[in-house]
Amino acid sequence: MNKQNQGWLHHIRACPSPNFNQRPASADISLLVIHNISLPPGQFGGDHIEKFFCNQLDCSAHEYFATIAELQVSAHFLIERSGQVIQFVDIFERAWHAGQSIYEGRENCNDFSIGVELEGCDDQCYSPEQYQALAELSFQLIELCPSMRAKLPSLASKVAGFHICGHSDIAPERKTDPGPYFDWLSYEKQLQQIFTLQGDS
């Protein structure tokens, strides 16, 4: 695998974030974490999330922004309401999305996971375009990072056969996303359909 060429997905718009560092040398990318984000909270559209992940958020644009101005965070990908995908961090680098977290007894999930943010919030449905884009992106990431396939059934995973979960699953005392309106069954069905169409299951 040529990591230099494959760390950025060529068909996806790139918006490099400075908020990343190297994964531990021993880290094997084996987990996909799904989040949600909206800036300002509960509002969609605009480029505030993009600017936030790049440390360029205009604090004068909304009073809430002053409360997060000092944070330095990122995810590997953002899926907007339209289904457009933006990549912020090379998948082989360590994005800062999970924080204090644990999955199947392994702490510091940033070390071995890929983070995908959905533009959304806990109390609203996600768009059909987002589910389709997420399923397609998930398929590509699993193909690039085969350790995301679960060799044994995992009680921690939300999707049978894979290591995929929500932020709330790895940090339940701190986080609630992607929230109760995220349709795990629909997402799993769409992902499995892609694998079937590709002759891989």
Side-chain angles (χ1 to χ4, degrees), residues 1-3 5-9 12 20-37 74-79 85 87 89-118 120 122 126 130-201:
M1 178 185 301
N2 188 334
K3 293 184 178 182
N5 291 334
Q6 294 192 4
W8 292 90
L9 304 188
I12 290 175
F20 72 93
N21 57 0
Q22 290 187 334
R23 298 182 188 272
S26 60
D28 187 19
I29 303 173
S30 55
L31 177 63
L32 180 62
V33 181
I34 299 173
H35 308 252
N36 72 30
I37 186 171
S74 63
H76 292 90
F77 299 93
L78 168 69
I79 302 178
V85 183
Q87 183 171 0
V89 176
D90 183 312
I91 66 171
F92 297 108
E93 301 288 357
R94 182 180 183 272
W96 302 343
H97 62 97
Q100 185 176 355
S101 51
I102 185 169
Y103 179 81
E104 292 192 329
R106 297 176 67 188
E107 297 183 343
N108 301 316
C109 293
N110 281 339
D111 290 350
F112 56 90
S113 68
I114 289 177
V116 178
E117 292 273 6
L118 299 175
D122 287 3
Y126 298 90
Q130 287 179 298
Y131 284 110
Q132 181 64 33
L134 177 61
E136 292 173 355
L137 176 62
S138 300
F139 172 79
Q140 295 170 64
L141 295 174
I142 292 166
E143 291 291 285
L144 288 170
C145 306
S147 292
M148 287 184 180
R149 293 177 179 268
K151 296 179 180 179
L152 298 172
S154 171
L155 295 177
S157 176
K158 289 286 194 178
V159 179
F162 305 101
H163 293 295
I164 301 175
C165 68
H167 200 185
S168 59
D169 298 303
I170 59 173
E173 296 182 359
R174 300 188 302 110
K175 298 296 181 179
T176 58
D177 56 317
Y181 282 82
F182 184 78
D183 190 339
W184 286 101
L185 290 178
S186 177
Y187 163 57
E188 179 176 352
K189 181 179 179 180
Q190 291 185 58
L191 179 58
Q192 294 289 2
Q193 287 175 340
I194 294 173
F195 274 100
T196 299
L197 288 172
Q198 296 295 326
D200 186 4
S201 59

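- Shown here are the side chain to side chain contact (heavy atoms under 4.5 Å, CB included) partners of Ser101, two or more places apart in sequence or in another chain: Ala98, Cys109, Ile170.
- One distance of note links CD1 of Ile79 with NE2 of His35; it measures 11.5 Å at 0.5 Å rounding.
- Arg106 pairs by the side-chain hydrogen bond (donor to acceptor under 3.5 Å, both in side chains) definition with Ser30, not counting sequence neighbours.
- Distance CZ/Phe162 to CG/Leu191: 5.0 Å, rounded to 0.5 Å.
- Legend: residues meeting salt bridge (charged side-chain N to carboxylate O under 4.0 Å, His left out) with Asp111, ordered by chain and number and at least two apart, are Arg94.
- Applying the ring pair (Phe, Tyr, Trp, His ring centres under 6.0 Å) test to Phe139 and every residue at least two apart in sequence or in another chain returns Phe195.
- For Glu93, the side chain to side chain contact (heavy atoms under 4.5 Å, CB included) criterion is met by Phe20, Gln22, Val89, Asp90, not counting sequence neighbours.
- A pairwise comparison of heavy atoms in Trp184 and Gly166 identifies CH2-N, 3.6 Å as the closest pair.
- Side-chain atoms of Tyr126 come within 3.5 Å of backbone N or O of Pro178 as a donor-acceptor pair.
- His97 is listed as a side-chain neighbour of Asn110, based on a closest heavy-atom distance under 4.5 Å.
- Considering only heavy atoms from C-beta on, Asp122 stays 4.5 Å or farther from Tyr181 through its side chain.
- Here the closest non-hydrogen pair linking Gln192 and Ala160 is NE2-O, 3.6 Å.
- Note: Leu78 CG to Gln87 CD = 11.5 Å, rounded to the nearest 0.5 Å.
- For residues 96-105, no pair satisfies salt bridge (Lys or Arg N to Asp or Glu O under 4.0 Å), with sequence neighbours left out.
- At distances below 3.5 Å, not a single donor-acceptor pair connects side-chain atoms of Arg149 with backbone N or O atoms of Glu143.
- Applying the side chain to side chain contact (heavy atoms under 4.5 Å, CB included) criterion to Ile102, with sequence neighbours excluded, gives Glu107.
- For Tyr131, the ring pair (Phe, Tyr, Trp, His ring centres under 6.0 Å) partners two or more places apart in sequence, or in a different chain, are Phe182.
- Residues forming a side-chain hydrogen bond (donor to acceptor under 3.5 Å, both in side chains) with Glu136 (at least two apart in sequence, or on another chain): Gln132.
- Applying the salt bridge (Lys or Arg N to Asp or Glu O under 4.0 Å) definition to pairs two or more places apart or across chains, none involves residues 179-188.
- Among all heavy-atom pairs drawn from Gly179 and Asn36, the shortest one is N-ND2, 4.4 Å.
- Separating the CD1 atom in Ile164 from the CD1 atom in Ile142 is a distance of 4.5 Å, to the nearest 0.5 Å.
- With Arg23 contributing its side chain and Ser113 its backbone, the two residues share a donor-acceptor pair below 3.5 Å.
- Considering CD1 of Ile114 and CG of Leu137, their distance stands at 8.0 Å, rounded to 0.5 Å.
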Given Tyr103 and Val33, is the side-chain contact (heavy atoms from CB on, under 4.5 Å) satisfied, shown in steps?
CA-CA 10 Å; Tyr103 179 81; Val33 181; over 6 Å; no
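- One distance of note links CD of Gln140 with CD1 of Ile12; it measures 5.5 Å at 0.5 Å rounding.
- By the side chain to side chain contact (heavy atoms under 4.5 Å, CB included) test, Ala150 pairs with His163, sequence neighbours left out.
- Applying the 6.0 Å contact sphere to CD of Gln100 captures no more than 12 heavy atoms from other residues, nucleotides or ligands.
- Each salt bridge (Lys or Arg N to Asp or Glu O under 4.0 Å) pair with one or both residues in residues 150-166, not counting sequence neighbours, appears once here: Lys158-Asp169.
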Could you go through the side-chain contact (heavy atoms from CB on, under 4.5 Å) check for Asp28 and Phe112 one step at a time?
CA-CA 6 Å; Asp28 187 19; Phe112 56 90; over 6 Å; no
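- Considering every non-hydrogen atom in both Ala156 and Cys165, the closest pair reads O-CB, 4.0 Å.
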